[in-house]
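Below is one structure; the comments refer to it alone.
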Amino acid sequence: MVQFNKECFVAAKYQVPRGTFDILPQDSYKWEYIMTTFRNVAKRYQYREIVTPIFETVDLFERSVGDTSDIIQKEMYKFEDKKGRVFALRPEGTAPVVRSYVENNLGANGGLTKIFYIGPMFRYDRPQAGRYRQFYQYGVEAIGSEHPYVDAEVIALQYTFLKELGLTKFEVEVNSVGCPECSNAYNEALKDYYQPFLKELCPDCLIRFEKNPKRILDCKVPACKEISKDVPTQLEYLDEKCLAHFEMVKSYLVEMKIPFTVNPHIVRGLDYYTRTAFEFINRNLGAQNAIGGGGRYDKLVEQVGGKDSPGIGFAAGIERLLLSLDNENLPIGEQPKPLYYWIAIGENARKHSILTVSELRFSGYSVDFDLEKESLKSQMKAADKSGAKYALIYGDDEYQKHVVIRKNLESGKQEVISLDELIP
RNA sequence: GUGGAUGUAGUUCAAUGGCAGAGCACCGGAUUGUGGUUCCGGGCGUUGUGGGUUCGAGUCCCAUCUUCCACCCCA
């Protein structure tokens, strides 16, 4: 006799990996709503969708996003395939789009190429509300023009989308981080400024001082804030062309009546950004309050191996959008409901129902029914709960006469109609 | 990666170390073909998981996982 350990029979309790989640059947319509709405807005601006793989060679990200950033240093899911090639689950969407733009020569016809995407991204980070290890981003990329109008248009697109969803409690902040020359000049200025305060800065800021002095600007430690009180801004270190560009972007936003504020402290986390940087902020969201961010990346295409072409884009997280919609008590699409709920009573009617319901569905109507429920009462209850517009009541009398009772569940009114009329 | 909380029924929450409960939701019924309201009835859930202390653990201790808050980072 074989003795089985009890554990052999007890199924392990599986759960989703930390920081990931299932989009459940009862919620998926919300996601569909967000994505459909975004697709519509993007198309209105004449952007076209791209779908890239969820993994790419790891050096695409290292070279573009920048190997000093946390995303690259600490947060990438890297793996090796059977031939030893090293890949990463994409931590962001811009690098893959630019890779595809270069690889497929999407700019071949000259001018501006306008692309959007929606899909999961992956970062190994400590989860929090609005921050996940697998999260869903949508975004756009406009490659091939340096014109400041494009910057404004990209901001306008996200603005339109958020408005379309009904959101009101968000702010648009813009800044310019300048070209690499301006940026370097500013970094030097910051180092000069902070040098005398090194002993007073917090440990994090000491690291920032070496790695990315701009980040000291938005440190939350009071002592650091105090030190930063009189710090010069990037805007003071923009060269003539970068400054002119920034002024144009702002004037276009004003013309389009998009409210915004200039926040000289905006620092983008990815190394490829140049000139325009912007964020959409929802201050009711807690720590993870950015509901969209982006900027210009005029050197990225060349960096990835293409012909030197300017570009700009943004990305936003769908999870934070859902939090924002909840926060403002806004409707998030609608749970799909059937037009008809079919109710069958009596032996003949029930037998004949399979065919009739099937024919209704062939004809394009959404119909629900439940053969397991027998009494009229329980089926009526089910019809009510399903949210159907009409109940179709079909008993043996109706079966004999080849008719059905159509009851409007909202008004309670009912009429007898022939099956031939129902299914032409 | 750092610090701090959390976990009990589908869900929101109760339960001095002593029989695991309630609201909502759900299912069934209120004399045989009409839903929503009302009334009646229906709860053994590995108390996240694994150890330990104890006569006895949802409750105390340790470990672990999850989620949450802040930092960090960012969407």
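Proteins get letters first, then strands, A, B, ... in listed order; numbering begins at 1 in each. When reading the values below, keep in mind they use all heavy atoms of this one structure, side chains included, and skip hydrogens, waters and symmetry mates.
Both the sub-6.0 Å distance and the 45° axial angle are satisfied by A:Lys191 relative to the ring of A:Phe209.
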Tell me, with the steps shown, if A:Tyr132 and A:Phe21 meet ring pair (Phe, Tyr, Trp, His ring centres under 6.0 Å).
-> CA-CA 9 Å; A:Tyr132 302 91; A:Phe21 54 89; 5.0 Å; yes
Given the rule in the salt bridge (Lys or Arg N to Asp or Glu O under 4.0 Å) test, do A:Arg39 and A:Glu32 qualify, once you have shown the distances and angles that lead to the verdict?
-> CA-CA 10 Å; A:Arg39 284 195 172 98; A:Glu32 192 186 330; over 6 Å; no
Given the rule in the salt bridge (Lys or Arg N to Asp or Glu O under 4.0 Å) test, do A:Arg406 and A:Glu415 qualify, once you have shown the distances and angles that lead to the verdict?
-> CA-CA 5 Å; A:Arg406 182 165 69 183; A:Glu415 57 187 332; 2.9 Å; yes
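In this structure, NZ of A:Lys214 is placed 13 Å from P of B:C74, rounded to the nearest angstrom. Atom CD1 of A:Ile72 and atom P of B:C74 are 11 Å apart (whole Å). The nearest whole Å value for the distance from the CD1 atom in A:Ile405 to the C1' atom in B:G35 is 14 Å. Distance, A:Met380 CE to B:U34 P: 9 Å, rounded to whole Å. Atom NZ in A:Lys74 sits about 11 Å away from atom P in B:C72, given to the nearest Å. When the C1' atom of B:G35 is taken as reference, atom CG of A:Leu376 falls 9 Å away, rounded to whole Å. One atom, CG of A:Asp22, and another, P of B:U67, lie 12 Å apart when rounded to the nearest Å. Atom CD1 of A:Ile266 and atom C1' of B:A75 are 14 Å apart (whole Å).
Base pairing annotation: B:U64 forms a Watson-Crick or G-U wobble pair with B:G48, both donor-acceptor distances under 3.5 Å. Across all strands shown, B:U38 forms a Watson-Crick or G-U wobble pair, both distances under 3.5 Å, with B:A30. Nucleotide B:U2 forms a Watson-Crick or G-U wobble pair with B:A70, both donor-acceptor distances falling under 3.5 Å. With a cut-off of 3.5 Å on both Watson-Crick or G-U wobble distances, the partner of B:C55 is given as B:G18.
For A:Ala290 and A:Asp396, each mapped to the nucleotide of RNA chain B holding its nearest heavy atom, the one lying further toward the 5' end belongs to A:Asp396. Take the nearest nucleotide of RNA chain B for A:Tyr273 and for A:Val221: the residue whose nucleotide is more 5' is A:Val221.
In this structure, A:Gly19 reaches the sugar-phosphate backbone alone: every heavy-atom distance under 4.0 Å involves primed, P, OP1 or OP2 atoms, never a base. Residue contacts for A:Leu321: at a heavy-atom cut-off of 4.0 Å it reaches no nucleic acid atom on any strand shown. Looking at heavy-atom distances under 4.0 Å, A:Asp70 makes contact with sugar-phosphate atoms alone, never a base. If you check every strand for non-hydrogen atoms under 4.0 Å, A:Asp204 touches sugar and phosphate atoms only. Among the atoms of the strands shown, none is found under 4.0 Å from any heavy atom of A:Glu374. Using a 4.0 Å heavy-atom cutoff across all strands shown, A:Gln379 reaches no nucleic acid atom at all. Residue A:Gln128 is classed as a base contact, given a heavy-atom separation below 4.0 Å to a base. At a threshold of 4.0 angstrom between heavy atoms, the contacts of A:Ala315 are confined to the sugar-phosphate backbone, with no base atom among them.
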Just list the side-chain donor-acceptor pairs under 3.5 Å for residues 276-290 of chain A, sequence neighbours left out, or say none.
| residue | atom | partner | partner atom | Å |
| --- | --- | --- | --- | --- |
| A:Thr276 | OG1 | A:Asp151 | OD2 | 2.6 |
| A:Glu279 | OE2 | A:Arg268 | NH2 | 3.0 |
| A:Asn282 | OD1 | A:Asn284 | N | 2.9 |
| A:Asn282 | ND2 | A:Ser324 | OG | 3.0 |
| A:Arg283 | NE | A:Glu171 | OE1 | 3.1 |
| A:Arg283 | NE | A:Glu171 | OE2 | 3.4 |
| A:Arg283 | NH2 | A:Glu171 | OE1 | 3.2 |
| A:Arg283 | NH2 | A:Glu173 | OE2 | 2.8 |
| A:Gln288 | OE1 | A:Arg320 | NH2 | 3.2 |

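By the 4.5 Å heavy-atom criterion applied to side chains, A:Tyr136 and A:Ile34 are not counted as neighbours. For the pair A:Leu167 and A:Leu321, the minimum side-chain heavy-atom distance is below 4.5 Å.
Side-chain atoms of A:His265 and A:Asn175 form no donor-acceptor pair, as typed in the model, at a separation below 3.5 Å.
Across B:C74 and B:U16, the matching P atoms stand 46 Å from one another, rounded to whole Å. Nucleotides B:A22 and B:U8 place their C1' atoms 13 Å apart, quoted to the nearest Å. Rounded to whole Å, the separation between the P atoms of B:C24 and B:G33 comes to 31 Å. Comparing B:C44 with B:A9, their P atoms are spaced 14 Å from each other, to the whole Å. Comparing the C1' positions of B:G7 and B:U59 gives a spacing of 14 Å, expressed to the nearest Å.
If you check distances only, the side chain of A:Lys407 does reach the base of B:U34 with a donor-acceptor pair under 3.5 Å. With hydrogens and angles left out, the side chain of A:Glu75 and the base of B:G1 share no donor-acceptor pair within 3.5 Å. A:Arg126 contributes no side-chain N or O that forms a donor-acceptor pair with the base of B:C68 under 3.5 Å.
Comparing B:G33, B:C69, B:A75 by their closest approach to the side chain of A:Arg123 singles out B:A75. Here the nucleotide nearest the side chain of A:Arg208, chosen from B:G35, B:C72, B:A75, is B:C72. Among the nucleotides B:C74, B:G33, B:U34, the one closest to any side-chain atom of A:Arg320 is B:C74. With B:U66, B:C73, B:A75 as the choices, the nucleotide that has an atom nearest any side-chain atom of A:Glu319 turns out to be B:A75. Closest contact between the side chain of A:Arg215 and the listed nucleotides B:C73, B:G35, B:G1 involves B:C73.
Note: A:Tyr138 and A:Phe38 have tilted aromatic rings, judged against thresholds of 30 and 60 degrees for the angle between ring planes. Between A:Tyr297 and A:Tyr272, the two ring planes are perpendicular [angle over 60°; tilted spans 30° to 60°].
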Collect all protein-nucleotide pairs involving nucleotides 40-42 of chain B in which both atoms are nitrogen or oxygen and the distance is under 3.5 Å.
none

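Against RNA chain B, the stretch residues 129-142 of chain A makes heavy-atom approaches under 4.0 Å through A:Ala129, A:Gly130, A:Arg131, A:Tyr132, A:Phe135, A:Gln137.
For A:Tyr124, the OH atom counts as loosely surrounded, since its 6.0 Å shell holds 12 or fewer non-hydrogen atoms of other residues, nucleotides or ligands.
Note on A:Lys385: a side-chain N or O is less than 4.0 Å away from OP1 or OP2 of B:C27.
Ring centroids of A:Phe116 and A:Tyr47 are separated by 6.0 Å or more, keeping the two rings apart. Taking the ring centroids of A:Tyr340 and A:Tyr390, they lie under the 6.0 Å cut-off.
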